[in-house]
Protein chains: 2
Amino acid sequence: MQCQHWKKKFMGWGCRFTQPRQFIIDMLLKSNKHLTAEDIYIEVHKSYPNIGLTTVYRTLELLEKMGIVHRLDFGEGKSRYELSDGIGIENKTVHHHHHLICTNCRKIINYTDFSEQEIKLMKEIEAELSKKYNFKITAHQIYFYGLCAKCK
Amino acid sequence: MQCQHWKKKFMGWGCRFTQPRQFIIDMLLKSNKHLTAEDIYIEVHKSYPNIGLTTVYRTLELLEKMGIVHRLDFGEGKSRYELSDGIGIENKTVHHHHHLICTNCRKIINYTDFSEQEIKLMKEIEAELSKKYNFKITAHQIYFYGLCAKCK
DNA sequence: ATATCTGCAAAGACTTTGCATGAGA
DNA sequence: TCTCATGCAAAGTCTTTGCAGATAT
């Protein structure tokens, strides 16, 4: 991992690139799943047993402000985190996957197959919104709600 | 309000259309905002002081399963609720509004202006997903993340 | 009559805060 | 050295659960 790259990024925010932060970022890079703070805590704990859950929360908060991670919410009562679009190694950054959530049993299906048309339209919407609301859009999430096969 | 309509709906789910439930639904119909459980509790409390917060939570849970409300999550650490698409009085059902969330200051902008093209495409995607995953889609939410004018 | 619903209190789960210690520049 | 970051413990929120009493059909 290019430590220098991260170090610079953190220093640009007046922050230090410490060991706990390094381990947490490594973890996020390795896993491309939606991780909860506790998932990260448990995983990082294996190689860095001194880590505290508090640090994980504080680091994730910082990383979100820095635009490195995104917080997701599936209505489970806890947040999940993933790297932002464009962050990561090569083509391991599998993003723009969206979600089908069953409103009955809360089952979640990830959905990644976006057509060219869909991607094009989302970009158009983003451009339009950026202009209209003077907002710098860095990511988007789409949630579809309904009933899964079992619950129908 | 057409009580009979709701009564039937509840009975179809083996549930009773009780007073607390009636008040909560009334509240949701009157307000077209994203309400938290506590918002609803405080508001209903004015006309039905015996209401308990627990009942609000339980009712919202039930209404969500019945497909009457949708739970939203803006990463505030609490859920917000709104009536599902198609539920409500006349054109008061303002739905399909989506959200721009500032990842720095957490400011939320509601966004309602969907072009014909956007609506059409979302319908197409829904149809495609319904077929592919055998899912009955009843609603969708889009979240755009980025930096607001101030935080840019 | 009887199964469901309600409200209260308590418990549970996730997240944040305070503070003394420790680590990075 | 001096500021920022960490970990622990405690507190804070939101939400869920248990249970006796109340309510709807």
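Chain letters run A, B, ... following the sequence lines, proteins first and then strands; every chain starts at 1. Computed from heavy atoms alone, side chains included, the values below leave out hydrogens, waters and symmetry copies. Small disclaimer: the values here were computed from a predicted structure and weren't measured.
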**Student:** Taking only the side-chain heavy atoms of B:I51 (C-beta and beyond), determine which of D:dT6, D:dT23, C:dG7 contains the nearest atom.
**Tutor:**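 The listed nucleotide nearest to B:I51's side chain is C:dG7.
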**Student:** Which nucleotide in the list D:dA24, C:dA25, C:dT15 gets nearest to the side chain of A:L53?
**Tutor:**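 Selected nucleotide: C:dT15.
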**Student:** Can you tell me if A:S84 uses its side chain to pair, donor with acceptor, with the backbone of A:G67 under 3.5 Å?
**Tutor:**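 Yes; judged by distance alone, with no hydrogens or angles, the pair exists.
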**Student:** Is there a donor-acceptor pair under 3.5 Å between the side chain of A:S31 and the backbone N or O of A:M27?
**Tutor:**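 No, A:S31 side chain to A:M27 backbone: no donor-acceptor pair under 3.5 Å.
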**Student:** Heavy-atom nearest nucleotide on DNA chain D for B:G77 versus A:V56: which residue maps closer to 5'?
**Tutor:**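 In this pair, the answer is A:V56.
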**Student:** Where each residue is assigned the nucleotide of DNA chain C containing its nearest heavy atom, which of B:C15 and B:Y41 is assigned the position nearer the 5′ end?
**Tutor:**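 Result of the comparison: B:C15.
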**Student:** Please report, rounded to the nearest Å, how far the P atom of D:dT15 is from the CD1 atom of B:I40.
**Tutor:**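 My rounded result for the distance is 11 Å.
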**Student:** If you take any heavy atom closer than 4.0 Å to DNA chain D, which residues from residues 57-70 of chain A end up in contact?
**Tutor:**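 The stretch gives A:R58 as the residues lying under 4.0 Å from the strand, ordered by number.
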**Student:** Taking N and O atoms by type only, does the side chain of B:R16 place a donor or acceptor under 3.5 Å from a partner on the base of C:dC5?
**Tutor:**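 When only heavy-atom distances are counted, B:R16 does not reach the base of C:dC5 through any donor-acceptor pair under 3.5 Å.
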**Student:** Starting from C1' on D:dG12, measure out to NZ on B:K78 and report it in whole angstrom.
**Tutor:**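 About 13 Å, once rounded to whole Å.
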**Student:** Check this for me, if you would: do B:K65 and B:E61 make a salt bridge, where the nitrogen-to-carboxylate-oxygen distance has to be below 4.0 angstrom?
**Tutor:**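 Salt bridge flag = no for B:E61 with B:K65.
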**Student:** A:Q22 has an atom CD; how far is it from atom P of C:dG24, in whole Å?
**Tutor:**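 Rounded to whole Å, this separation is 10 Å.
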**Student:** Between C:dC8 and B:T54, is there an OP1 or OP2 to side-chain N/O distance shorter than 4.0 Å?
**Tutor:**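 No.
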**Student:** Is a donor on one side and an acceptor on the other found under 3.5 Å between the side chain of B:R21 and the backbone of B:R16?
**Tutor:**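 Yes.
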**Student:** Over how many whole Å does the gap from A:K7 atom NZ to C:dA25 atom C1' extend?
**Tutor:**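 For the pair A:K7 NZ and C:dA25 C1', the rounded distance is 8 Å.
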**Student:** In this structure, how many angstroms lie between the C1' atom of D:dT25 and the CD atom of B:Q4, rounded?
**Tutor:**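 About 13 Å, once rounded to whole Å.
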**Student:** For the pair made of CD1 in A:I25 and P in D:dA5, what is the distance, rounded to whole Å?
**Tutor:**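 In whole Å, D:dA5 P lies 13 Å from A:I25 CD1.
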**Student:** Does A:T36 make a side-chain N or O approach to OP1 or OP2 of C:dC14 shorter than 4.0 Å?
**Tutor:**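 For C:dC14, OP1/OP2 do not have a side-chain N/O of A:T36 under 4.0 Å.
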**Student:** Please report, rounded to the nearest Å, how far the C1' atom of D:dC14 is from the CZ atom of B:F74.
**Tutor:**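 B:F74 atom CZ is separated from D:dC14 atom C1' by 17 Å.
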**Student:** Starting at OH of B:Y48 and ending at P of D:dA22, how long is that distance when rounded to a whole Å?
**Tutor:**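 In whole Å, D:dA22 P and B:Y48 OH are 13 Å from each other.
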**Student:** Apply the side chain to side chain contact (heavy atoms under 4.5 Å, CB included) test between B:H45 and each candidate in B:N50, B:I51, B:I40; give the one that qualifies.
**Tutor:**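 Answer after filtering B:N50, B:I51, B:I40: B:I51.
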**Student:** Thinking salt bridges, do A:E128 and A:K131 make one under a 4.0 Å N-O criterion?
**Tutor:**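 No, no charged N to carboxylate O under 4.0 Å.
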**Student:** I want to check one thing: is the phosphate of C:dC5, taken as OP1 and OP2, less than 4.0 Å away from some side-chain N or O of B:R21?
**Tutor:**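 Checking C:dC5 against B:R21, a side-chain N or O does come within under 4.0 Å of OP1 or OP2.
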**Student:** Is the backbone of A:T55 close enough, under 3.5 Å, to the side chain of A:T59 for a donor and an acceptor to pair up by distance?
**Tutor:**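 Yes, because the side chain of A:T59 sits within donor-acceptor range (under 3.5 Å) of the backbone of A:T55.
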**Student:** Does A:T55 have a side-chain nitrogen or oxygen under 4.0 Å from the phosphate oxygens OP1 or OP2 of D:dG7?
**Tutor:**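 Result: yes.
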**Student:** What's the closest nucleotide to the side chain of A:Q19 if the choices are C:dG24, D:dA24, C:dT15?
**Tutor:**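 So the side chain of A:Q19 is nearest to C:dG24.
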**Student:** I'd like to know if the side chain of A:D39 reaches the main chain of A:T36, judged simply by a donor and an acceptor atom lying under 3.5 Å from each other, with no hydrogens or angles considered.
**Tutor:**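 Pair found, side chain donor or acceptor close to backbone of A:T36.
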